Amino acid sequence: MNKSLRILYAAGPGNVLGTYLYWKQGQDDPTQVAMTYSGQFYDVCKELGAEAYVIATCQTPGKFHDGNFRIEHRPVPFEDHSGFLYHVGQFWYGFRLLISALRTNANVAVVCAGTHWFFLALMTLFGIRVIPTLHCVLWKKFNWNPTPFQRLVQALNGRFFGGGCASIISVSEEVTQQVMELTGSHARPVQTFVPQYRKSAFFDIEPSRHATRPFRVLFVGRIERNKGVFDLVEIARRFDAAGRSDIEFDLCGTGSELLEVQRSVDAAGLGERVRCHGHCDHDTMAQMYNRSHVVIVPTTTDFSEGFNKVVAEGILSGRPVITSSVCPALARVRDAVVEVAPDDVPGYGDAILRLYGDAALYETKREASIAARAQFYDPGRGWAAALKTALLSLEGYCTGTAEWI
């Protein structure tokens, strides 16, 4: 089985080529805090003796062939568009994945991104077993008003998840719940995972001290409106008007709204208490976590979250986290989180003030964060374990129908 296992892996936007070069040297990708999915994929392929063609949606051009691995960066056309052009890009990318799978004689396709899920049913017509790996919810949990075409797409996805794919890998219980809703609870077998980290990634993070001032609130992620960054500026204005000069905000990340956020901060005269740091490397992020008191993840209902690793990273840094049920990660670490209603900007401000003013509450959440860490260090609960289980289960699922059985 192992020697003839040939996998097409359609990865997301990460630099899978760069990750491979580090992996080849026995190293994790230093540009990422979490263990990368592509690095975990390479591990599984090595263990199972599989050949793999890895195609990522990464915008940076690149191709590489080394032993059992072919790696290519292939962006999705029209991905930033909406409507007709977006769907054209999805279908075209899916068609190219099919052609690539056929040209390399792949017998399994592990697909994270790039096309509509139901389109992958075409691969099954050629005997290719498809394992979709779902890293985002299938539709917005709140305020979702689908068009007739979107309803059709989800109905077709449901048929695929119910019988067209070999099995499914899911990042959260909420994603799994949506799959079950689409399939009437008759989905193919689902393997659920959580993001994985090395303990060494947080080795230099010191315990937080509630009494130190200023009280620093840390945001990490894309600087976009639907990630709640403008809500943080509004909260900072509120605190400034109330004379609370000892609560400060650090925003780490890049995005299309970075300059606009900075303009808003400057216009409000908040430059000394709201700092935009842009992209931060691993060492800088360690310093940011060390200086922080709490981590805030104010994603709005306009964004389809899958898990949001920042919630996990806040927990692993030993900081209380403030977020809402928009982030499926909440279900995994609820005891360590101050939960806010989705899109409740005053509520986020109140949550900061509660942790700022209540040392006992702060300590309770901090201790709960320590108790919640183990799952993110457990390889048995990671994506690699879920993938390996899905691959090994194929023998029973398709006996006699694939050349490599």
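Just so you know, these numbers come straight off a predicted model, no measurement behind them.
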Closer than 3.5 angstrom, by distance alone: can the side chain of [X] be matched with the main-chain N or O of [Y] as a donor-acceptor pair?
X      : Y      : answer
Gln150 : Thr147 : yes
Glu339 : Arg334 : no
His293 : Thr212 : yes
Asp335 : Ala368 : no
Gln40  : Ala384 : yes
Arg238 : Pro346 : yes

For this session: Using ring-ring contact (aromatic ring centres under 6.0 Å, His included) as the criterion, point out the one residue from Phe69, Phe64, Phe41 that pairs with Trp23.
Result: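 Going through Phe69, Phe64, Phe41 one by one, the ring-ring contact (aromatic ring centres under 6.0 Å, His included) with Trp23 is satisfied by Phe69 alone.
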Exercise. Heavy atoms, side chains only, cut-off 4.5 Å: are Val16 and Tyr37 in contact?
Worked result: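 The answer is no, as the side chains (C-beta and beyond) never meet within the 4.5 Å cut-off.
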For this session: Begin with the C-alpha distance, continue with both residues' side-chain angles, and end with the deciding distance and a verdict on side chain to side chain donor-acceptor pair (under 3.5 Å) for Asp343 and Thr301.
Result: CA-CA 7 Å; Asp343 296 339; Thr301 55; 2.5 Å; yes
Problem set entry | Rounded distance (nearest 0.5 Å) linking atom CZ of Arg188 with atom OG1 of Thr183 |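 It is 11.0 Å, given to the nearest 0.5 Å.
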For this session: Starting at OH of Tyr22, measure out to CG of Asn15 and round the result to the nearest 0.5 Å.
Result: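 Output value for this atom pair is 9.0 Å.
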Exercise. Given the side-chain rings of Tyr9 and Tyr53, with only the six-membered ring counted for Trp, is the space between their centroids under 6.0 Å?
Worked result: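 Not under 6.0 Å, so no.
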More than 12 non-hydrogen atoms from neighbouring residues, nucleotides or ligands closer than 6.0 Å to [atom1] on [X], yes or no?
X      : atom1 : answer
Tyr377 : OH    : yes
Phe142 : CZ    : yes
Arg237 : CZ    : yes
Gln287 : CD    : yes
Trp139 : CH2   : yes
Lys141 : NZ    : yes
Arg159 : CZ    : no
Gln262 : CD    : yes

Side-chain donor-acceptor pair present, [X], [Y], cut-off under 3.5 Å:
X      : Y      : value
Asn157 : His116 : no
Thr192 : Ser170 : no
Asp246 : Tyr356 : yes
Tyr20  : Asp66  : yes
Tyr362 : Ser208 : yes
Glu224 : Ser256 : yes
Thr133 : His135 : yes
Thr36  : Asp29  : no

For this session: Apply salt bridge (Lys or Arg N to Asp or Glu O under 4.0 Å) to Arg291 and Asp250, showing your working.
Result: CA-CA 10 Å; Arg291 291 198 290 261; Asp250 292 296; 5.6 Å; no
For this session: Output every pair passing salt bridge (charged side-chain N to carboxylate O under 4.0 Å, His left out) with a member in residues 304-329, not counting sequence neighbours, ordered by first then second residue.
Result: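 Of all non-adjacent pairs touching residues 304-329, those that pass salt bridge (charged side-chain N to carboxylate O under 4.0 Å, His left out) are Lys227-Glu305.
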Problem set entry | Salt bridge flag under 4.0 Å for residues Arg198 and Asp28 |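 Yes, charged N to carboxylate O under 4.0 Å.
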Exercise. Is it true that Arg366 and Glu363 have a side-chain N and a carboxylate O under 4.0 angstrom from each other?
Worked result: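 A salt bridge links Arg366 with Glu363.
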Exercise. What closest approach, in Å, do Val337 and Leu330 show between heavy atoms, and which atom pair accounts for it?
Worked result: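 Smallest interatomic distance, heavy atoms only, reads CG1-CD1, 3.5 Å.
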Exercise. Quick one: ring-ring contact (aromatic ring centres under 6.0 Å, His included) partners of Phe149, sequence neighbours excluded?
Worked result: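 Counting only residues at least two positions away or on another chain, Phe149 forms a ring-ring contact (aromatic ring centres under 6.0 Å, His included) with His87.
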